[in-house]
Every structure is written in C-alpha cells, then in structure tokens.
There are 2 protein chains.
Amino acid sequence: MSRPRSYDEPSVLSGAMQAFRRDGYRGVSIRDLEDATGLKAGSIYNSFGDKAGLFDAAFEHYNKVVLGGRVDRFAPAAAGISGLRDLFISLMHEPNGESHGCLITNSAIELDRDEQTYRHVCTGMDILFEVFLNRLAAAQQDGSLRAGTDPVLAATKLLALYQGLLVLVRAGRDTQALERLVAAEFHELETYHDARPAQQDIQA
Amino acid sequence: MSRPRSYDEPSVLSGAMQAFRRDGYRGVSIRDLEDATGLKAGSIYNSFGDKAGLFDAAFEHYNKVVLGGRVDRFAPAAAGISGLRDLFISLMHEPNGESHGCLITNSAIELDRDEQTYRHVCTGMDILFEVFLNRLAAAQQDGSLRAGTDPVLAATKLLALYQGLLVLVRAGRDTQALERLVAAEFHELETYHDARPAQQDIQA
DNA sequence: GTCATTCTAAAATGCACATTCAAAAACAGA
DNA sequence: TCTGTTTTTGAATGTGCATTTTAGAATGAC
C-alpha cells in the first residue's frame, strides 16, 4: 500500500561502494553518489538517512559480497594454502589500471577509530584473519603446512602482508616484485625445506 | 630590507605535519592549521602559497626529519639487521595511544596518485626500501644474514610488512601480537637455522 | 627618521558541500 | 476510481571551507 522503491539495492550499494573505494569517504560527495548510484540526493537521504548511512551499508555490502566472494572464489577451505596464495596474487591484478582499492585498508587509514563505521574495518580484518588461520590450521592437520610453523603467527603475518601489499599496490609499486614476494612467502609456508643454502651461495 | 618572518619554520612544519598525520590532508582545515602552526591563514598563504603547498613542505619535512631521524636513531648502518628490528618494533610504540600515523602510508592511501605531492610517498618508500636493502646486503657480506636469503626479496618483504604493520596499528590491532610477528620475522632473517622442527612438533 | 618592502591580521568572498523541504508522482488496497 | 502512503524530484538552506583582499604593523637600508 505504498509506492515501491524503483531501484535495485545491490546495484546501488555496488555503485556507492566503488566510488568510496576509489576516492575514500571524504573524497566522495553526495553529487558523486548521485552519479554512482543513479539515485537523487533526496532518495539517498530517504533510503539511507545520510551519507554515513549509505557508506555503512556499502561497507557491509563490501565485506559480505566482495570480500566474502573473493574468499569463496580463490580460497575456499578445499583450496588450502594454495588458495590463499591465489587470493594474494589476485590483489596485484585489479582490473586494468583501475585500482579499486580495498575498503578495509583504506578506511582503516582514513576513518577515525571511534566512529561507528569503524566496526566494519575490524570485522573485515577479523574475517581475513580467521580465514587465514583456518586454512593454515587445516594445512597443519593434513601435513601441507611446513613443520614448525605456528598458524597464529603465520596468520598474523599474512594479515600484515595483505594490508601492506594493498598499500604498495595503491602506491603504484612494481607489481611483479610484489608477486615474487607472495610466491616466496607461500613457498616458505607450504614446502618442507631446510635452510641449507645452495652450493653457489655458500661459496660466493 | 624588509620585515622578517616572526615564526620558526621547523616548528611550523612540525605542527602542520602532526595535524596531517593524525587527520589526513582532507581532514585538516585551514582553521586547524592555524591552531597547529600558530600562523594566521594569511601568513600561511603568504608563506606556502596554499594548503597543498604547506602539506608539501610538511611532507618533505617528514621524510627528512622524522623518517630520516628514525633511521639514524634505530637503524644506522652499524646496527645491522638488529637495528632494523628496533625500527620495526618502534612502530608499535607510538607515544601513549596518540597514534600519529605515518604520513607515507596514510598519504599513499588518501592521495591521488597523479597529484604532485604523491612524489613524496614514492620518495619515502624508496628511502625505506634502500635502507632495508643496504642493511641486508651488508649483513650478507658479514655473514649475519641467514644464508640463502635474497636481499632484494627480503627488502621488499620488509617494505610490505612495514606498511602493513602501520595499517594494523592504526586499526587498533593487538600490538603484542604484532611485536611477536616482528620478532619472528627478524629471527628468520638473522639466524642460521634449518627447518627441522622440534621433536614434539613432529609427533603432534 | 624616512622609505620601501614584506609580513601579519581580520574581515570578506565565493564556492562546494551535506542536508532539508515541498510538491508531484507512483503505487497498493479498498 | 478513490485514498493513503511512500518514493521521487528539484529547488532551497545553511554551513564550512579554501582563498583573496585590504589595511595595518614591523623591519632593514639609507
């Protein structure tokens, strides 16, 4: 018994999300959000309360759909440590030059820690940490984790590496070097190897 | 043959820098900068051209004085890898709760890559990378680097870790866990050790 | 002391922004 | 078809911002 909304919520959230990822919360105006969502300012306020409300909804959407989707696609439980590596490598392959940016990393820096919305930052990091820890612990069980590796420590390391990579990618650092780094780090996690260096390294 | 400036340039830059570190470029208004520097808006414009000009000068000051000072204090060439570790540990000990933030990391995220000022981000990262690489290469020479470690790869890893830690610190993550991570990473770099796990780990 | 020059102070300008308002339009139920 | 409710729209509002301007104060050179 009332006029129904004429827009598609997921696509509105997706548009807003993209704008926020690219330009940050402060860098996006209501005007920009009109273009990004297709909604007029009035409708935005009617539907989401205010700019912060839309940001909040977009962030929730990001954690659920984008982050969750990436995990499901690249690093499902069955994919083990190798799936985690794929997830990391994908960070260096954002669609052509179009650096979307990670809403978690970017908001961790931009937002004030005692804002309401900051909880999404913490949630996102918790999700990542738990996925890392879960896969590493499972790998430890089935023997595919290098012996002697502490899963909690390794998960912490992966979380830091993840955030750091996103900063460096956004800064335009050489992505090939970063890919080599990821390859090396996961090689260290996955395979059993002692530290005895190759002969030429000893003699050099 | 003219009126001299009545302010102390380093302290003006230091004040502005602190404001920008805490709240970001967009988060600081000219009004805020008046308080942070002690200068009136007119003087700021007279001396630095505009807000971006002051930011530029403050960023240069950051790279030279703050970043350079930290390297000299914690990780001079003589301190080797151990000095690098001290530098990293210091990231988790910013003055009481007062998270100043790193202007390089924060600006890498907030600024647009094709702005003039972004060069300071690149310069800062280059400085860090070169310091890391230099200390690691020296350690390789004198045998204090774990055999088989590639200095370039390790320096890349440290750069990513450095940026990632700053993101996580700003996000309010448990700093003790992060310190354990740093300790473990540097342990891996410094000491010779094979990967043979302790007995209890094999049997578990 | 006077002059030229540069700095400071304070108000003024104009713009972009987030937000609100009021009117019109679109639907659901009767 | 009529009614009530909600969405949409486009204009209006007011605030905060970066920046400019203007007038006055301070200094060095002579």
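In what follows, every chain begins at residue 1, and chains take the letters A, B, ... in the order their sequences are listed. It should be emphasised that the depicted structure is a prediction, and the values quoted were computed from it without experimental measurement.
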Enquirer: Tell me, for nucleotides 7-17 of chain C in 5' to 3' order, what letter each nucleotide earns: B for a base near a protein heavy atom under 4.0 Å, S for only sugar-phosphate near one, - for neither?
Expert: BBSS------S
Enquirer: Holding to side-chain hydrogen bond (donor to acceptor under 3.5 Å, both in side chains), I want the full list of residues that pass it with B/Glu185, two or more places apart in sequence or in another chain.
Expert: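 So B/Glu185 forms a side-chain hydrogen bond (donor to acceptor under 3.5 Å, both in side chains) with A/Lys157, B/Lys157.
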Enquirer: Output every pair passing salt bridge (charged side-chain N to carboxylate O under 4.0 Å, His left out) with a member in residues 34-49 of chain B, not counting sequence neighbours, ordered by first then second residue.
Expert: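 Matches after skipping sequence neighbours: B/Arg31-B/Glu34, B/Arg31-B/Asp35.
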Enquirer: Output every pair passing salt bridge (charged side-chain N to carboxylate O under 4.0 Å, His left out) with a member in residues 53-77 of chain B, not counting sequence neighbours, ordered by first then second residue.
Expert: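 Listed once each, the pairs are B/Asp56-B/Arg119.
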Enquirer: Under the side chain to side chain contact (heavy atoms under 4.5 Å, CB included) test, which residues partner A/Ala36, sequence neighbours left out?
Expert: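 For A/Ala36, the residues satisfying side chain to side chain contact (heavy atoms under 4.5 Å, CB included) (neighbours in sequence not counted) are A/Ala19.
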Enquirer: For the pair made of CZ in A/Phe48 and P in C/dA18, what is the distance, rounded to whole Å?
Expert: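 It works out to 16 Å between those atoms.
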Enquirer: So, using side-chain hydrogen bond (donor to acceptor under 3.5 Å, both in side chains) as the criterion, who are the partners of B/Ser43 when residues are at least two apart?
Expert: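 B/Ser43 satisfies side-chain hydrogen bond (donor to acceptor under 3.5 Å, both in side chains) with no other residue.
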Enquirer: Could you give the OH-to-P distance, from A/Tyr45 to D/dA12, as a whole number of Å?
Expert: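 In whole Å, D/dA12 P lies 18 Å from A/Tyr45 OH.
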